[in-house]
Protein chains: 2
Amino acid sequence: MQELGYKPNALARNLRRQQTSSIGMIVPDSANPFFAEVARGIEDTSFGQNHSVILCNTDGDVDKQAAHTDLLIKNQVAGILFVAAGISTELVNDLQRRRVPLVVVDREVPGVAVDTVLTNHLQGGCMATQHLVDLGHRRIACVSGGSDLSPSAERLTGYQQKLAQSGIPYDETLVVKGDFQYESGYEAARQLLALADPPTAVFACNDLMAVGVISAATQLGLRVPDDLSVVGFDDVRLASFTNPPLTTIAQPKYDIGVLATEMLLARVRNLDAPPRVERLDTKLVVRGSTAVRNEP
Amino acid sequence: MQELGYKPNALARNLRRQQTSSIGMIVPDSANPFFAEVARGIEDTSFGQNHSVILCNTDGDVDKQAAHTDLLIKNQVAGILFVAAGISTELVNDLQRRRVPLVVVDREVPGVAVDTVLTNHLQGGCMATQHLVDLGHRRIACVSGGSDLSPSAERLTGYQQKLAQSGIPYDETLVVKGDFQYESGYEAARQLLALADPPTAVFACNDLMAVGVISAATQLGLRVPDDLSVVGFDDVRLASFTNPPLTTIAQPKYDIGVLATEMLLARVRNLDAPPRVERLDTKLVVRGSTAVRNEP
DNA sequence: GTGAAAGCGCTAACAC
DNA sequence: GTGTTAGCGCTTTCAC
């Protein structure tokens, strides 16, 4: 009968049913390999459950985020996934008041009870630093991210904790702030290595910056890991293929996306269930960019 | 009046107007940096024109592509962007018969008149090879991609043309097929470098594979570029930060996304305009991974 | 079981 | 100008 190309109109169906099968995914930058991996997890499981995902990039811009959110709710999305976007307490409150299902990923929203999936960044920061300490390093630098972002702040805290536990005095000239891009790791390393008493190791708060650090160090004639140990964070695909291969803290990027999507869909089914927060473990992956400290 | 949170229901609006402001974007893998950059161009300009983009990954799987396309047209998307997905002539014909606006990106669909935006891959392949020839190399390998993909095939053709023009005999043991991922570049290099008469230079058909090649070469104790020159393709952000920095063929990834979106939106406005095909130029970017051939 | 009818929230067309 | 109305294509309910 309708073998001549009939496709039901989902618009009419959705209008009638008062719900769509689209979910909004809001990320700072889908071209960043970390978010890209999380996004794959989201898209794959959404597709598996017959849902479409609408991609929104904010570049960390609050206005853009507001505009995207607005567009999403006008389009009656079934729910929204905030992946480490600049979500604020007010926005989340507003959304909850409107009863739009949402889960926030890779970031904490202070003072709100909301579904959340995040990584144990503190643990990761500790492991990275401990690894460096174990290798005999005492001048350990940290290239952090924006301090207003909870993942970044927690990683830095882990670094500070382990330093303290190891009896290494905290030297604030050794922590420089980056923005999670290659370039900022590169710049940070140049600054750090120009110090009178430069570090022998650096913990970069993500892999991209770690790659930037290695790049800068190499250009300055230093050998990694002989002259400088570097550890990253995320364990992006690339990390296995840098030169040298990157020692890093792995987090389950794809699975974060999968879990977040499942939580969102569960929330859609039951808006009044108690909020759930999942915190996933990290893992140290030792590759070639770290080595025992060279005695000068 | 409606300062108490009224948002128009776009569903109803769209149902009535018989058109939505969503566009479907179908890519093989949004986590691949090349597609990720193109996707950013698409998402940004869509957002700028008040359109939402629905993200669909196919992983090169024809069934997944069909399922995604189906879902998109059920959702009455305004149009579809195929970014180098496995689109076939029949699919495109079917879509055109249904009068759904579409533009295909980074790939040619043989025998169909359809809006297309692509890069001059042939030119790029020529430039990469010529660069290597100019540096004195004569044993130049090529790590290609799937031969069924037009970008890949054209780059390879460029390589072969320049070899012929330079009087270098074509040695098919020097071309090995990859899949555009890091790993396959790595494997290809191991195979190539184990040859009795190994290459002194390799042209990898994308940057990811080039990074894999450098990784393998370095592990085998070769120095890049002294012992082996490597050129990539795409000029991904990473290319500036590899060790050594990667010489590569740049293509305007972001702009491809922008242009494709503009063409799609124009097509939505006028379904019956003559099809348009845009072919963008590439550019050689010389960095540190290529050097004059070392006389043994 | 099969069939008719109302209505989701909006817009365009038409009347006033 | 301002106000009313029909109908987009589907689902759900209710009558048969």
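Quick caveat: nothing in here was measured; it's all calculated off a predicted structure. In what follows, chains are A, B, ... by sequence order, proteins preceding strands, each numbered from 1.
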Sorted by chain and number, sequence neighbours left out, ring pair (Phe, Tyr, Trp, His ring centres under 6.0 Å) with A/His121 holds for none

For A/Lys74 and C/dG9, what is the distance between atoms NZ and C1' respectively, to the nearest whole Å?
15 Å

Residues at least two apart in sequence or cross-chain that pass ring pair (Phe, Tyr, Trp, His ring centres under 6.0 Å) with A/Tyr182, listed by chain then number, are B/Phe241

I'd like the 5' and 3' limits of the part of DNA chain D contacted by chain B, with heavy-atom contacts below 4.0 Å.
D/dA6 to D/dG9

Stretch residues 10-18 of chain B: residues that reach within less than 4.0 Å of DNA chain D through a heavy atom
B/Leu15, B/Arg16, B/Gln18

What's the separation between atom CD1 in B/Ile249 and atom OG1 in B/Thr119, rounded to the nearest 0.5 Å?
11.5 Å

Residues passing the side-chain hydrogen bond (donor to acceptor under 3.5 Å, both in side chains) test with A/Glu37, sequence neighbours excluded, are A/Arg237

Name the stems with DNA chain D in them: runs of three or more consecutive Watson-Crick or G-U pairs, distances under 3.5 Å?
C:1-14 with D:3-16

Sequence neighbours excluded, which residues qualify as side-chain hydrogen bond (donor to acceptor under 3.5 Å, both in side chains) partners of A/Ser184?
A/Asp179

Can you tell me which residue pairs pass the ring pair (Phe, Tyr, Trp, His ring centres under 6.0 Å) test with a partner in residues 39-93 of chain A, sequence neighbours excluded?
A/Phe47-B/His68, A/His68-B/Phe47

Not counting sequence neighbours, which residues clear side-chain hydrogen bond (donor to acceptor under 3.5 Å, both in side chains) with B/Arg269? List them please.
none

Please enumerate all residues that pass side-chain hydrogen bond (donor to acceptor under 3.5 Å, both in side chains) together with B/Asp59, with sequence neighbours excluded.
A/Arg40, B/Lys64

Going by the rule side chain to side chain contact (heavy atoms under 4.5 Å, CB included), which residues pair with B/Asn50 if we only count those two or more places apart in sequence or in a different chain?
none

State which residues pass side chain to side chain contact (heavy atoms under 4.5 Å, CB included) with B/Lys177; sequence neighbours excluded, sorted by chain then number.
B/Ser144, B/Ser147

